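Notes to accompany the following structure.
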There are 2 protein chains.
Amino acid sequence: MSKPPLPKLEDVARLAGVSTATVSRCLNQPNQVVEATRKRVQKAVDELGYMPNFNARSLAAKRSKIVGAVIPTMENAIFARALQVFQERLSEEDFDLLVASSSYKPDVEEKQIRSLVSRGVDGLLLIGTKRDPKIYEFLQEREIPFVIAWSFYDQLDASEYGQLVGFDNEKAMATIVQLVIDKGHQKVFMLAGIADNNDRAAARIAGFRSKMAEYNFKEAAVIECEYDIDKARKAFAGMRQSHGTPTALICANDVLAVGAVLEAQSQGLDVPGDISITGFDDIEIASIISPSLTTVHVPHGSLGLHSANTLLAKIHDEPSIKDMELDTYIVERQSLAAPKT
Amino acid sequence: MSKPPLPKLEDVARLAGVSTATVSRCLNQPNQVVEATRKRVQKAVDELGYMPNFNARSLAAKRSKIVGAVIPTMENAIFARALQVFQERLSEEDFDLLVASSSYKPDVEEKQIRSLVSRGVDGLLLIGTKRDPKIYEFLQEREIPFVIAWSFYDQLDASEYGQLVGFDNEKAMATIVQLVIDKGHQKVFMLAGIADNNDRAAARIAGFRSKMAEYNFKEAAVIECEYDIDKARKAFAGMRQSHGTPTALICANDVLAVGAVLEAQSQGLDVPGDISITGFDDIEIASIISPSLTTVHVPHGSLGLHSANTLLAKIHDEPSIKDMELDTYIVERQSLAAPKT
DNA sequence: GTCGTCAATGTAAGCGCTTACATTTGCTTT
DNA sequence: AAAGCAAATGTAAGCGCTTACATTGACGAC
């Protein structure tokens, strides 16, 4: 219950026989202080076990050394790896990470963004571009550096939307659809993510649709489904009932693909014998499930790393920061084959 | 480049024609303010788009509404779910989450704990009990409420170690070993986690060893291996070379088990025909891999939820907060069977 | 009508730092 | 040895809030 008041900067100053300003300088710009004093101060710091109060520092200096990240969920592998790398990179520069997860709800996300800004974050990591424009206005007004990860579109004006570090979801999806078509599939359906408020999910659907249109494939069913294995199983089952069974099913992500594979198998279908199924993301389970998933590899680690670097650059006001488009590529495994003839 | 100074509490006060204290009260203890003034203040807040500066608040009020969490990694499913639930629960009480991941390195963890404390976190979530005692002293001195998740031991003095919210790793492991023995296995090896600096990994090994000793099984090889599928594959391959092939392999976690299963299969072994393999944790892949894993179910969500509740209780200084032991149970799936006769 | 009480509000002193500006120190120049 | 100058240090004014304490005013008791 005894609360021995913690040493403050002033105590250190007194013990070291210098002014508070000098102590502060030792801590923040050590090179402005001559070695002798610096050592004396260091000794006082050690002796008292002094630790700076970051809130006071943030208040006085108007920078917090905290960056915020609002992600849809930390529960699944998609963002976990990127977030981990992001955090590690920031850590190197002594930034801490304030995370919030929005559960894909726009209103929750907005609240969290505002909260983080209130906390004085120096920068912000956001996922995807789709959100209420007034959030962007807000961020601009407050001059908060931010980067948007996971999405990339040529046509977007980057200066308006902070910096983009992502990949072209539409193009990537079109590429894998092309591959499926090249294998000879004609009846191709899609199990998609929920496109509402999610530009990545929407872009993947667009990629599918445009490629299908290119080949004049009609009636390519697209069913949207939440990010969940069991829901994917049900969605796939429902799809078979209402639209029949395609020879190939394109899934908007690996989790949906896993659900589809499991359901197909439990309904007696052979994958890829009776039906080919492709994923997107290339998370761990993609290579573990049997058959392993042919999928689009997304560079999760790079997304995290480059997001961090770009954000740091913006925070430090470095010139000529560019949007960054990362590459995806297809990983061919077992779940895609030519259709039975 | 125009930086219109953000409205501060004083501006709101002036516009509403009240004192700063009243505005502050409206924001923090609205019931102490009569409705008429409250409305007037609210109007001023809206009009100015005022947002409080949390750093100033934290400095003045000596509470930050931030809790910190230092976890070994956010990259894998083990902690992700718990962290997500933890965050959601805290969110309900308007706490934000400052996360750091230590990559299982004690020195990194210590640094991060100190950094979080410097940031004035109101509470701390730590994983496992094993760490330098001076960290506990430090936390006690600073009177930082903290809870330790994932571990639970009867014999530990809770008051010394903050609060425990976990399960008995040793007992849980002993239970699944018992099951394996009951199936008739006699040659049982273990693929363990790295026990150094990790009380959970150590406890799981202890559970294995004590149960094996109980049955007088000698030569039960225990190989430690990092948390990684590929490393597990190699470790399992190495184990076969040096110790031969057991009829059952107990793995300290599902990731190791998956690695072992994949390697076994690629070496032409049937699981569970030629070798039974068990996991621990019951993460998603456990039920997706083929054969699905018989494993110990760990209540990840509950760990997160109860950790949050316990921490909140400590922060609010509620009396009689107890350590909490959560239950685990075995999920029998396909990877465990009786040995060939 | 006066006083006491209590709820509502105001006053102002910090919270522990940073930093612009002022001052001192220790050199180099001449 | 005096002058001049840059580097090192000191002084003190905030940063935007909270809160202990003081003040005000409304109302009922006497």
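Just so you know, these numbers come straight off a predicted model, no measurement behind them. Letters A, B, ... are given to chains in the order of the sequence lines, protein chains preceding strands, and every chain is numbered from 1.
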End-to-end axis angle, where each axis spans five pairs of the helix from C:dG1-D:dC30 to C:dT30-D:dA1, to 10°: 40°

Pairs involving residues 59-83 of chain B, ordered by first then second residue, that meet ring pair (Phe, Tyr, Trp, His ring centres under 6.0 Å) (sequence neighbours left out):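 Residue pairs passing ring pair (Phe, Tyr, Trp, His ring centres under 6.0 Å), neighbours aside: B:F79-B:W150.
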
Selection residues 83-114 of chain A - residue pairs positive for ring pair (Phe, Tyr, Trp, His ring centres under 6.0 Å), sequence neighbours left out: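 The answer is none; no pair qualifies.
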
Phosphate-side-chain proximity, A:S24 and C:dT18, N/O vs OP1/OP2 below 4.0 Å: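 Checking A:S24 against C:dT18: at least one side-chain N or O falls below 4.0 Å of OP1 or OP2.
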
Side-chain N or O of A:K62 closer than 4.0 Å to phosphate OP1/OP2 of C:dC17: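 So the side-chain polar atoms of A:K62 never come under 4.0 Å of the phosphate oxygens OP1 or OP2 of C:dC17.
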
Are any protein N/O atoms closer than 3.5 Å to N/O atoms in nucleotides 23-26 of chain C? If there are, list each pair with its distance.
none

Test item: side-chain donor near acceptor, A:N53 and B:S118, under 3.5 Å: no

Side-chain H-bond candidate by donor/acceptor type, B:N55 with A:R119, under 3.5 Å: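 No pair is found: no donor N or O on one side chain lies under 3.5 Å from an acceptor on the other.
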
Options D:dT19, C:dG14, C:dT18, nucleotide nearest the side-chain atoms of B:A60: C:dG14

Proximity to the side chain of A:L59 - top-ranked nucleotide from D:dC15, D:dC17, C:dT18: D:dC15

Residues in salt bridge (charged side-chain N to carboxylate O under 4.0 Å, His left out) with [X], at least two apart?
| X | result |
| --- | --- |
| B:E325 | B:K171 |
| B:E10 | B:R14 |
| A:D196 | none |
| A:R81 | B:E75 |

Residues two or more places apart in sequence or in another chain: which of them pass side chain to side chain donor-acceptor pair (under 3.5 Å) with [X]?
| X | value |
| --- | --- |
| B:D132 | B:K134 |
| A:Q32 | none |
| A:Q84 | A:E88, B:S101 |

Sugar-phosphate only, base, or nothing, as touched by A:N55 at under 4.0 Å among non-hydrogen atoms: nothing

Write down the protein N/O and nucleotide N/O pairs, taken from nucleotides 6-10 of chain D, whose separation is under 3.5 Å; answer none if there are no such pairs.
from, atom 1, to, atom 2, distance (Å)
D:dT9, OP1, A:T37, OG1, 2.6
D:dT9, OP2, A:V34, N, 3.1
D:dT9, OP2, A:T37, OG1, 3.2
D:dG10, OP2, A:S19, N, 2.7
D:dG10, OP2, A:S19, OG, 3.1
D:dG10, OP2, A:T22, OG1, 2.7
D:dG10, O6, A:R25, NH2, 2.5

